[in-house]
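Here's the structure we're looking at; comments come further down.
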Amino acid sequence: MTQSDLLTDSQSEQFLADLNDPQRLAVLHGDGPLLILAGAGSGKTRVITFRIAHLLAHGVHPRQILAVTFTNKAAGEMKARVRELTGAAADSVWVSTFHSFAARFLRFEYQAAGLPQDFSIYDDGDSKGIIKRLIAEMNLPARTFPLGTVKGKISDAKDRMLSPAAFANLAHDDYMRRIAEVYRVYQERLKDAGAVDFDDLIVTTVRTLEDDEAVRARWQQRFTHVLVDEYQDTNLAQVRLIKHLAEPESNLCVVGDDDQSIYAWRGADIRNILEFEKSYPNATVIRLEQNYRSRPNILEAAHAVVSANINRHPKKLWTAKPPGEQITCILTTDDWSEAEMVLSRIRLLCERESLTGADCVILYRTNAQSRVFEEACRRHATPYVLVGGTKFYQRGEIKDALAYMQLTINGRDVAAWRRIINKPLRGIGDASQKKLEEARRADSRPFAEFLADTEAVTAVAGKRVALPTKRFAKLIDDLKEARETMNLADWCRHLVTTVNLKSAWEGDDPNTVATRMENLDELAAAMAEYEMTHETPSLSGFLEQAALVTDIDMYDVQTDAITLMTLHAAKGLEFPVVFICGLEEGLFPLSRSMEKPEALEEERRLFYVGATRAKERLFLTYARTRQRFGPMASMKSRFIDEIPPEFLDVDNLIPSADLEPGGLGYDAPARNWRSSEVRPASRSARSVSRTGSEAGAGQREREMQRSMMAQTIQAGAVVFHPKFGEGEVVSVRGAGDSTTCEIAFRGGFSKTLMVRFAPLKILRQ
DNA sequence: GCATAGATCTTTTTT
DNA sequence: AGATCTATGC
């Protein structure tokens, strides 16, 4: 590292001048624990990145800094921003998510952790497959032991660092004792399979650090400074991981906001942030309360809702910005017109206020709500980007191919084996599978080796399956061998043909089959890209990445497309215009949460997170009825009523003869609200102005979006494909690298292609 | 062992 | 309403 990689003092001073007082204190804070309570939009990322730059400028070696986030996207952004400040030094700073940090740790320390080097990482589906089989094996009634609940309890136990034994000790009724038993055997099965689930990544890392002094010393020495983002979302296991890594100096800087804690259902414990000072009595606490993102009206509304919570540290953000528009609340009769209204509002904003679709985001509580908006966008040929939904690596055909790959490096991976042993059909049915699986476990050899042992197989499952199992074993061995002679992408293609995956979907709709085959092509392309972008590409590295990557990670603001995503996915993002939709009792807040006060408070925080994404304008929508297991009607969300009326501009599109359903006992003064008909049209035409430094930032963002547009495709574009000819883009789905678009080709057929890999030429936008 | 039709459950959010 | 699971018959 050269001196020029580092900030010089004068540069660093210049940066500091842009910060407000508490921000500067946080950046300059010396040694010891530091808690930054950073409200929404208070420049939190800036503070973290400046702090890292500051540490680097003051002689901390980049490799000694660990910064942990929850999503790969956040990690990537942090790294990019540190790089802007410090140059190449940033590349040596270890910035990663909790899970990918743990995965990397365990690849180094697999021996101490008691894992095979090429351990598999099980996703939710893999884990559920194992647990499901266990529930059946243990004769537990599926009705009283629903898979999701059992998995959830086990996951909770892991989040709290409870071993199966400890969990069993705490179980004081038969029900919990049985779940404890499932947990115990589940762990045995994982161990046998050489696999860890998502929770285990963290738990095993913590256990290894706690049990092995040499390993602990090595890693504690390695990191002298640890920073954690979104600290309010950590669970006990994660807090312990961080604590160990930061010791003994405990130069630990955590940043978070208790009002933005929205992952309690996943084991996040808000007490971690509320009681940080108890764990670290010498901690410095800094509050960032100036908001640089939103108009005061938006902050007021968000604050009004979240401050209805009892269990909360009282605080209030402020902003120097001028008031801006009122918050628009749109009341519609049903979900269909809700979507129509949202789109027409967006159209209006784009026409009159020099905004583009990319400035707008539609947020909703549940993924299922996205459908109506997607349909509306298609109807109006409005480009949109859907974040979430079916993920590329979760598709059946992709998981199948990955399972074959996984089995070549981890021969005991039972989830992979189960997935592919009879796909394509080999005449090895369920009954034989169970017998073979059990016998193999007792035998402890890898699947391929065991299955090639004709005698052993015959003894367990009869003569009939011995031949197909032997062939299967040979197939796996051949694949393993082939891997040595070719690169990952070629090997992937080789695998698809050798295995003859296509024959597994004989009789299926030919279009579906074609799409699946295209997806497999895309998998090969993804592997090629992985090989190009990594210095030491490995199969297990690729599989690890495939297991830990999510949709939001790949999301990038681009083109003129409107963004559609859940409120949860929106955390950490900001948009000039935000629509929060489906503000109905039972949907948002969700009915399940309405029984438990803590859960209801989390819904309020979720509203707070959603609202504070907005820079300029916030819209809230309510649909009186919507399709949810058949049509259902609901009352306005209490969140709307928790906002003082002076901040709201209500656009009531429900005919006055149509009263709200169940108006009894619910204070919803719809009659007091002005109807849209009498509203002067000029109001919507008022321009959204940008002020101060925000304007500059917005401008730059816009430019970046524009430059990216060149390489992206919008609905309505006319494109050319060498194989399929000319066609028109009907819709664009997915995010970032996994963006797909549906194209209606002139030949009268349409295809869904992955933008990144399809050799498309854009003829006209 | 496998395909099909009917039954059942799902929709909270995700690393 | 749609996907996924289960029971049944071949």
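Small disclaimer: the values here were computed from a predicted structure and weren't measured. Keep in mind that the numbers below use all heavy atoms, side chains included, and drop hydrogens, waters and symmetry copies.
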Fill in: Among B:dT14, B:dT15, B:dT13, the one nearest A:A569 by side-chain distance
B:dT14

Polar atoms only, N or O, under 3.5 Å: list the protein pairs with nucleotides 5-10 of chain C and their distances.
none

Practice prompt. Rounded to the nearest angstrom, tell me the gap between atom CG in A:D430 and atom P in B:dA3.
Written response: 13 Å

Item to complete: Rounded off to whole Å, could you give me the CZ-to-P distance for the A:R626 and C:dA1 pair?
Response: 16 Å

Fill in: Heavy-atom pair of closest approach, residues A:T97 and A:A75
N-CB, 4.5 Å

Worksheet, complete the sentence: Taken to the nearest whole Å, CG/A:L590 to C1'/B:dT11 is 8 Å

Worksheet entry | A:R604 charged N/C atom sitting above A:F639 aromatic ring, 6.0 Å / 45° | no

Worksheet, complete the sentence: Of all heavy-atom pairs linking A:F167 and A:A157, the shortest is CD1-CB, 3.6 Å

Discussion item. Taking ring pair (Phe, Tyr, Trp, His ring centres under 6.0 Å) as the definition, give me every residue that meets it alongside A:Y122, ordered by chain and number, with sequence neighbours left out.
Written reply: none

Worksheet item: Between A:M565 (CE) and B:dT14 (P), how many Å, whole number?
Response: 11 Å

Discussion item. With nearest nucleotide decided by heavy atoms, which residue, A:V465 or A:F198, maps closer to the 5′ end of DNA chain B?
Written reply: A:V465

Discussion item. Applying a 4.0 Å non-hydrogen cut-off, can you work out what A:F70 is touching in the nucleic acid: base, sugar-phosphate, or nothing?
Written reply: sugar-phosphate

Worksheet item: Do NZ/NE/NH1/NH2 and the carboxylate oxygens of A:R207 and A:E210 come within less than 4.0 Å?
Response: no

Worksheet item: Starting at OH of A:Y122 and ending at C1' of B:dT15, how long is that distance when rounded to a whole Å?
Response: 18 Å

Practice prompt. Answer yes or no: is there an ion pair linking A:E375 with A:R371, defined by an N-O contact shorter than 4.0 Å?
Written response: yes

Worksheet item: Separation of A:Q238 atom CD from B:dT14 atom C1', in whole Å?
Response: 12 Å

Worksheet item: Going by atom types alone, do A:E585 and A:S634 pair a side-chain donor with an acceptor below 3.5 Å?
Response: no

Item to complete: Could you check how far NE2 of A:H568 sits from C1' of B:dT11, rounded to whole Å?
Response: 14 Å

Discussion item. Applying side-chain hydrogen bond (donor to acceptor under 3.5 Å, both in side chains), can you list everything that pairs with A:D124, at least two apart in sequence or on another chain?
Written reply: A:K128, A:K151

Item to complete: Identify which nucleotide among B:dT13, B:dC2, B:dT15 has an atom closest to any side-chain atom of A:N367, counting heavy atoms from C-beta outward.
Response: B:dT13

Fill in: Phosphate OP1/OP2 of B:dT14: any A:T566 side-chain N/O under 4.0 Å
yes

Fill in: Set of ring pair (Phe, Tyr, Trp, His ring centres under 6.0 Å) partners for A:F145, sequence neighbours left out
A:Y175

Worksheet item: Has the side chain of A:R266 got a donor or acceptor that lies under 3.5 Å from a partner of the other kind on the base of B:dT13?
Response: no

Discussion item. At 4.0 Å (heavy atoms only), tell me whether A:A431 reaches a base, stays on the sugar-phosphate, or touches nothing.
Written reply: sugar-phosphate

Worksheet item: Does A:N422 put a side-chain nitrogen or oxygen below 4.0 Å from OP1 or OP2 of B:dG1?
Response: no

Discussion item. Nearest to the side chain of A:L425, heavy atoms from C-beta on, is which of B:dT11, B:dT13, B:dC2?
Written reply: B:dC2

Worksheet item: Which part of the nucleic acid does A:Y263 contact within heavy-atom distance under 4.0 Å: base, sugar-phosphate only, or nothing?
Response: sugar-phosphate

Practice prompt. Give the rounded distance in Å between these two atoms: NZ of A:K158 and P of B:dT15.
Written response: 18 Å

Where do N or O atoms of nucleotides 4-9 of chain B meet protein N or O atoms at under 3.5 Å, pair by pair?
unit_1	atom_1	unit_2	atom_2	d
B:dC9	OP1	A:R143	NH1	3.4
B:dC9	OP1	A:R143	NH2	3.3

Discussion item. Taking any heavy-atom pair under 4.0 Å as a contact, classify A:S100: base, sugar-phosphate, or nothing.
Written reply: nothing

Worksheet entry | Residue met sooner reading DNA chain B from 5', once A:Q433 and A:E602 are mapped to nucleotides | A:Q433

Item to complete: Only counting residues at least two apart or in another chain, list the ones meeting ring pair (Phe, Tyr, Trp, His ring centres under 6.0 Å) with A:F579.
Response: A:F619

